[in-house]
Amino acid sequence: MTRRRLIAGNWKMNGDRKALGELDAIAAVARLSPNIDVAICPPATLIERAAHHAADLIIGAQDCHASESGAHTGCLAPGMLREAGARLVIVGHSERREAQGENDADVRAKAEAAIAAGLMVIICVGEPLALRQAGLAETYVEGQLHASLPETATKDLIIAYEPIWSIGSGLVPASENIAAMHAMIRQTLIHLLGPEHGSLVRILYGGSVNADNAASLLEIANVDGALVGGASLTARSFVPIIEQWSGL
Ligand code: PGA
């Protein structure tokens, strides 16, 4: 079963027009790497410009609303993001689950709306440190998957396993723990979506990915790519990750 690798950068609330310059070098290496997908999710204000600026990259959004339109001040519908040039959207990032109080049902509704609008969707899951320490990480993530995956199988679905305690901390789980988690996620996907779709869904690892640990992450079974925060903000730190994953 071959799954195209995907390296996705999440700029979070960082970046202005000047930051689009970083996309040139990232797009150049993406052009030389036809065997992998490279995505950047800038702030929504930059999506349209980024999509024009860097046709070799998949430009994505960091969140969307579950409705097509309506009285939702400050929110963006999936169709609006698509019209602006986004081809992908991240939903259920732990920062939104925590700060905006989003639950699994919200995440599922957003994912279904995004897929209906023709976007690829990265659903983020991952445990807090206390549950990892209590030996409950896999049980917790399995519960998140059951409650937040769309009801209908689709090839446009991507899962990102991001342990909350690893995000921005420089801490990365032991390889065997990532392997066990990704194996459980694969089994759960096959169980929920059926063997065909469940085997096609890409599973990314996210949390303190950088040029120093990218190569070893790549060797772990069922790690099909990475969701990268801090190290995606500059070409200097992001390009070496892409190069390692594309085998350049
Ligand atoms: P990080 O963020 O790479 O800065 O740890 C990852 C994420 O939040 O997706």
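Each ligand, and each atom within it, is numbered from 1 in the order the structure gives. Everything numeric in this text was worked out from a predicted model, so none of it was measured.
Salt bridge absent: Asp106 and Arg97 never bring a charged side-chain N and a carboxylate O closer than 4.0 Å.
Looking only at heavy atoms of the protein, atom 4 (O) of ligand 1 is closest to Gly230 N, 2.9 Å. Atom 3 (O) of ligand 1 has as its closest protein heavy atom Gly229 N, 2.8 Å. Counting protein heavy atoms only, atom 7 (C) of ligand 1 is closest to Glu162 OE2, 3.1 Å.
Close approach of ligand 1 to Ser208 (heavy-atom distance below 4.0 Å) involves ligand atoms 1 (P), 3 (O), 5 (O). For ligand 1, the atoms lying closer than 4.0 Å to a non-hydrogen atom of His93 are 7 (C), 8 (O), 9 (O). The ligand atoms of ligand 1 that sit less than 4.0 angstrom from a heavy atom of Gly207 are 5 (O). Heavy-atom proximity to Leu227, at under 4.0 Å, picks out these atoms of ligand 1: 9 (O).
Assignment of Ala231 to the shell around ligand 1 is not supported, since no heavy atom sits closer than 4.0 Å.
Ligand 1 has a nitrogen or oxygen under 3.5 angstrom from a nitrogen or oxygen of Lys12.
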Exercise for the section: Applying side-chain contact (heavy atoms from CB on, under 4.5 Å), run through Leu171 and Ser208 and close with a yes or a no. Expected result: CA-CA 6 Å; Leu171 301 170; Ser208 297; 5.7 Å; no
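A salt bridge (charged side-chain N to carboxylate O under 4.0 Å, His left out) with Asp37 is found for one member of Arg4, Arg3, Arg87 and no other, namely Arg4. Residue Asp63 is tested with His93, Gln100, Lys110 for a side chain to side chain donor-acceptor pair (under 3.5 Å); the sole match is Lys110.
Inter-residue side-chain proximity for His191 and His146 is flagged as met; some heavy-atom pair is nearer than 4.5 Å. Taking 4.5 Å as the limit, every side-chain heavy atom of Ile220 sits out of range of all side-chain heavy atoms of His182.
Rounding to the nearest 0.5 Å gives a distance of 5.5 Å between CG of Leu145 and CD1 of Ile185.
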